[in-house]
Peer 1: 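Quick one: structure below, then a few questions.
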Amino acid sequence: MYRQAFPMVPTVLKEIKAALFQGFNSLNQLKHIHGRLLRSGLNQNNYLLNMLLISTFKFSSPNYAERIFYQTQAPNMFLWNTMIRGLVSKDRFDQAVEFFYSMREEGFLPNNFTFPFLLKACTRLLDMELGSKLHTLVVKGGFDYDVFVKTGLVCLYAKCGGVKDAEKVFDDIPEKNVVSWTAIISGYIEFGRFREAIDIMEMARAVFDEMPEKDIVSWSSMIQGYAANGLPRDALDLFYQMHRENLRPDCYAMVGVLSACARLGALDVGEWASRLMGMNDFFSNPVMGTALIDMYAKCGKIVSAWEVFLQMKKKDLVVWNAMMSGLSMGGHVGSAFSCFAALEKNGLRPDGNTFLSLLCGCSHAGLVAEGRRYFYSMNSIYSIYPTIEHYGCMVDLLGRAGLLDEAHSLIQNMPMKANTVVWGALLSGCRLHRDTQLAEHVLKQLIELEPWNSGNYVLLSNIYSANKKWADSEKIRALMNGKGIQKVPAYSWIELDGVVHEFLVGDTTHPMSDKIYAKLGELDKKLRAAGYVPITDFVLFDVEEEEKEYVLGYHSEKLALAFGLISTRPNDVIRITKNLRVCGDCHMAFKLISKITGREIIVRDTNRFHCFIDGSCSCNDYW
DNA sequence: CTAGGGTTAG
């Protein structure tokens, strides 16, 4: 049917404008309006087209947006900017940059609105070459004064340049605002991934304390930064402070605090924090759900983790991986295997992390054959190349099972250079199976890779002593002392009423120290009566000879346990977290203590969970 | 029409 376009324009224009202002409920509705625009001859009205484009990106249809754009005869700056912004918002960074080049070919110069989008694309692409060019263009175009543009540059340098460059741009911003302040904080935090985290967080904190105005983004960035950079207690402190200042956490702050709780094993805090939000937020947002699952799993409450997992509406691969990793750590390997099968049925493809969870689960359960099968299937079925972490898991698996030669030859044949994690895994195997000869070789590798780590020297010298090679033993001691090497202290902590109590070996600084030691004395009597003898044969344990028995009695996990026993009600479960692996002597003592006291004790070490109930442990003494 | 923030594994 032929329609005369012109006379209809005023009414159609009104309708289309109304529709555009109102927004659309579906992409089809949008396409319908686009059709009307085309038929009415208004399809070259850039103002209307721009509104249409923005809506199209809202519906996640960058391809359709492109079609609209290419039908436009004379796109103006607004349209170019909207396209670039839209593509960036859909993570199509390469395409955004291509659009930028076409734009310049068409004779348009980027303006102050173009640069922030472009800089973001550039940042995400980690393309510093393009970044430098953009910086030059910014200066040439005279957009140097613009806070928005400058903040984009701060982010660029922070992510793919260096903090120094980021600082230079930041200092130069004439009128800084919350966003630019937060950008430089994020820059420090980002940098913490490569450098000494503690210093970096101190720098970030200095800026945070100094900034004139903070908003939820600044708070959650700091919280997340603490959590991710090994300072989860500071993350909690800051979260509490934010709460005291009556700022409601949003999903980013929530993810940050849950991640901190997961690292600390602080279940009560985690549950309290999660209740500050509606449960639906966790079920509908995969990132939040993952954080909650991980928190529950790492705090040993796997049932709750599973419940969250079941209720989540959209489960992406990360959600599955977190669940599987939690199951593996908790010793529920069979469930992790089932998850793996279910994941594929749900149309997802496993990635490297999926296999790390599986291999870690096999390792804890001693399932050598299954582990080998998964490991070799990575390449042959899924075309995933094992990384050094996968090799580390395999060495761990084989080493625990006593297949030390196979583990060693795996290291020698792997396509990359072994790191300390891999050698460390083999060393654990040597320790478990009392192979001092191989351990000697491993320790030499470790000393080469980390000459600052005292433990390696102590162990090697112990081995020499055990083999009566006194001169060698003495040489190693001298070498170590000459370098002024210090030990990494082991510590354990326990959470009570939202407060984290920390203990070092032989710690006497806790306010209840007297009672704790009294309790330990009482326990020791009962233990010895029950037939416990301290294990002091520790050639392959990093314990100084003369202090062995003394130290064993006051290991950090024992102090935390004694404190837990006197500070909780008789039937409460005691949850302890340790920054290193739980020691063999403590493990034996804890089993007996769980029987003597009738308590359930859960210890999370760097590696796995140990649930002590009625005299036995969930790891079956295999860890 | 603009800039800053997140999860598993390390």
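Just so we're on the same page: letters track the sequence lines, and every chain starts at 1. Only a predicted model underlies this, so the values are computations on that prediction, with no experimental measurement involved.
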Peer 1: Please report, rounded to the nearest Å, how far the P atom of B/dC1 is from the CE atom of A/M77.
Peer 2: 14 Å
Peer 1: Is a side-chain N or O of A/S259 found less than 3.5 angstrom from the main chain of A/V255, in a donor-acceptor match?
Peer 2: no
Peer 1: What is the distance, rounded to the nearest whole Å, between atom CG of A/L348 and atom P of B/dT8?
Peer 2: 18 Å
Peer 1: Measure the distance from CE on A/M103 to C1' on B/dC1 and round it to the nearest whole Å.
Peer 2: 13 Å
Peer 1: Test of understanding: with side chain to side chain donor-acceptor pair (under 3.5 Å), list the residues that count as partners of A/K417, not counting sequence neighbours.
Peer 2: none
Peer 1: Around A/F78, counting heavy atoms of other residues, nucleotides and ligands shown, do more than 12 lie under 6.0 Å from its CZ?
Peer 2: no
Peer 1: Between A/K150 and A/D146, does any NZ, NE, NH1 or NH2 come within less than 4.0 Å of an OD or OE carboxylate oxygen?
Peer 2: no
Peer 1: From OH of A/Y296 over to C1' of B/dT8, roughly how many Å is that when rounded to an integer?
Peer 2: 18 Å
Peer 1: May I have the distance from A/L53 (atom CG) to B/dC1 (atom P), rounded to whole angstrom?
Peer 2: 15 Å
Peer 1: Output every pair passing ring-ring contact (aromatic ring centres under 6.0 Å, His included) with a member in residues 313-336 of chain A, not counting sequence neighbours, ordered by first then second residue.
Peer 2: A/F309-A/W320
Peer 1: Reckon A/K298 touches a base, only the sugar-phosphate, or nothing at all at heavy-atom distances under 4.0 Å?
Peer 2: sugar-phosphate
Peer 1: Reading nucleotides 2-7 of chain B 5' to 3', which nucleotides get B (base under 4.0 Å from a protein heavy atom), which S (sugar-phosphate only), which -?
Peer 2: BBBBBB
Peer 1: Could you check how far CG of A/L358 sits from C1' of B/dT8, rounded to whole Å?
Peer 2: 13 Å
Peer 1: Would you please indicate if the ring centroids of A/F208 and A/W219 are separated by under 6.0 Å?
Peer 2: yes
